[in-house]
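Everything on this sheet refers to the single structure shown next.
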Amino acid sequence: MRTFPLQDGRLVLKILAAAGICLLLAITLWPFNPWPRNEVSWLHDEDGLRLCGHGTILSVAQFRNEAGAENEPFSLEFWMVPWRDEGSTVMFAFYVRENPGQFVVRQDGLDVSVSHTTGQREEENHHPLVAGQVIAPNKRTLVTVTAGPKETTLYVNGQAQSTSQSFGLSRRNLTGEFVIGTSPVENEAWCGILHGIAIYKNELTAQEVASHYKTWLSSREEGRIDKRSILALYLFRERSGTLVRNEIQPGVDLRIPKHYTIRRRNVLLPPWKEFRTEWTYVRGLILNVLGFIPMGLILYPYFLVALGSKRPWLMSYVTGTVLSLIIEILQSFLPMRGSGWTDVITNSAGTALGASMCYSSVAQDILKKLFAEKASERKL
């Protein structure tokens, strides 16, 4: 094994440390594009919009919060073809800055769920209303949510799947900006085809939901839709352009942005808000730790030999933490990336683990053989 003179060894370690940091930044941030293309396109052979990869649709204007709306019922129908059957994605949401989670409908694998929050405190949040194992990829699906003073019910393809008598939804939850295809605050892009959306100002009965499903399934001609009870109706029949017309209320149309957009990106989200009971979440934690182990293996000898630090492990850990923090802050500018303290913690743990490996007798022997000066005698 070649032995480097101390001066040359320090230079080699500086180059390795600089190269390692640059490589890590490239892997975690590439491509650094704050304005990615919005992957939404019109269907050519039928009415509808295709959202593939990362796509979002936004309302041109906000749905107004009318007086007494907190006591008014509503129903919402979403006629679509889902493509994916794994991961957690947001199909649509109504966004207001003071309460971005006021109304969210999501697809979790084969499940559909409705969630809402009434405030910023965790104790004010409600458990989601979930319909399990109801999604069939590449099959036309009608998701219907009916909410009234007594209960909220989630229907799929005209059949009631889940009901709650304490969910607390009203027309007030359908205020603000209508966001379709992803979460208003993080990248949870849904993939599929939209054929129609209808928002009603009354609570549909089970018989009406079943009848509407047959109507959506066979025809969407205007003559078969009772417009008197509808607040908004989007049939996606334009087939070109960047606007989707609201058939009921002019002005509250939908627009297709040029770039994929997250309305309010989370910056350094707390770990308890990032937690998921999914394998993909656990796999991400493991990969974050493993990905930063090489950084610890590089930083420890760099601080020990190149800088002569008396605390090489501590300096490695602090550097890995600061580097991870910088990455997470930069990722908050990227719509397709998340930014949270969980990554900072796991990345720091990976750096610490890599630096700790340098304490082994094998690592110490390698350092001793590589450099003329006995680096192993200056270990922490």
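Between the side chain of T56 and the backbone N or O of I180, at least one donor-acceptor pair lies under 3.5 Å. At least one donor-acceptor pair under 3.5 Å links the side chain of T215 to the backbone N or O of S211. Between the side chain of N157 and the backbone N or O of L142, at least one donor-acceptor pair lies under 3.5 Å. Of the possible polar contacts, none joining the S113 side chain to the P128 backbone as a donor-acceptor pair under 3.5 Å is found. Looking at T261, its side chain never comes within 3.5 Å of a backbone N or O of P257 through a donor-acceptor pair. Of the possible donor and acceptor atoms, one in the side chain of T346 sits under 3.5 Å from a partner among the backbone N and O of T342. Distance alone, capped at 3.5 Å, places no donor-acceptor pair between the E203 side chain and the T146 backbone. With hydrogens and angles ignored, the 3.5 Å screen pairs a side-chain donor or acceptor of E238 with a backbone N or O of R245.
Side-chain atoms of T175 and N65 form no donor-acceptor pair, as typed in the model, at a separation below 3.5 Å. Between the side chains of D343 and N288, at least one donor-acceptor pair of N or O atoms lies under 3.5 Å. W190 and Q107 are linked by a side-chain donor-acceptor pair at a separation below 3.5 angstrom, with hydrogens and angles left out of the test. Between the side chains of S348 and T321, at least one donor N or O sits under 3.5 Å from an acceptor N or O. For the residue pair S339 / N266, no side-chain donor-acceptor distance below 3.5 Å is found, with atom types taken as modelled. Checked by atom type, the side-chain pair Y260/T182 shows a donor-acceptor distance below 3.5 Å. Between the side chains of N99 and T117, at least one donor N or O sits under 3.5 Å from an acceptor N or O.
Counting heavy atoms from C-beta on, the side chains of H54 and N187 come closer than 4.5 Å. Annotation: side chain of F78 is not in contact with side chain of V145 (no heavy-atom distance under 4.5 Å). The side-chain heavy atoms of M336 and P36, taken from C-beta on, include a pair separated by under 4.5 Å. At least one side-chain heavy atom of M91 sits less than 4.5 Å from a side-chain heavy atom of V112. The shortest distance between side-chain heavy atoms of M295 and L24 falls below 4.5 Å. Between Y95 and Q102, every side-chain heavy-atom pair lies at or beyond the 4.5 Å cut-off.
Between E188 and R106 there is a salt bridge, since a side-chain N of the basic residue sits under 4.0 Å from a carboxylate O of the acidic one. A salt bridge links E177 to R263: one of the charged nitrogens lies within less than 4.0 Å of a carboxylate oxygen. A salt bridge links E247 with R237: at least one charged nitrogen is closer than 4.0 Å to a carboxylate oxygen. Residues K214 and E208 are not paired through a salt bridge, judged by the lack of any N-O separation under 4.0 Å between the basic side chain and the carboxylate.
Using bins of under 30°, 30° to 60° and over 60° for the plane-to-plane angle, the ring pair F236/Y234 lands in the tilted bin. In this pair, F275 and Y281 present their aromatic rings perpendicular. The plane angle is above 60°, beyond the 30 to 60° band.
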*Worked check of side chain to side chain contact (heavy atoms under 4.5 Å, CB included) between L297 and C358*: CA-CA 7 Å; L297 291 171; C358 294; 4.1 Å; yes

_Test side chain to side chain contact (heavy atoms under 4.5 Å, CB included) applied to I327 and L29, step by step_ = CA-CA 7 Å; I327 291 172; L29 297 175; 4.2 Å; yes

*Take Y359 and Y300 through the test ring pair (Phe, Tyr, Trp, His ring centres under 6.0 Å) and record every step on the way to the result.*
CA-CA 10 Å; Y359 278 106; Y300 183 93; 5.6 Å; yes

*Are V104 and F92 close enough, and set up right, to give a side chain to side chain contact (heavy atoms under 4.5 Å, CB included), and what steps lead you there?*
CA-CA 6 Å; V104 180; F92 50 89; over 6 Å; no

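With hydrophobic clusters built from ILVMFWY side chains whose heavy atoms lie under 4.5 angstrom apart, V40 does not share a cluster with I193.
For R255, there are no salt bridge (charged side-chain N to carboxylate O under 4.0 Å, His left out) partners at least two apart in sequence or on another chain. With sequence neighbours excluded, no residue forms a salt bridge (charged side-chain N to carboxylate O under 4.0 Å, His left out) with E274.
Proximity of the aromatic rings of F74 and F103 is defined here by a centroid distance below 6.0 angstrom, and this criterion is met. Aromatic ring centres of H212 and Y155 lie farther apart than the 6.0 Å criterion allows.
The number of heavy-atom neighbours closer than 6.0 Å to CH2 of W35, taken from other residues, nucleotides and ligands shown, is 12 or below. More than 12 heavy atoms of other residues, nucleotides or ligands lie within 6.0 Å of CD in E70, so this atom counts as buried by the packing criterion.
Here the straight-line distance linking atom NZ of K201 with atom CD1 of I248 works out to 9.0 Å at 0.5 Å rounding. Atom CD1 of I57 sits about 5.5 Å away from atom CD1 of I256, to the nearest 0.5 Å.
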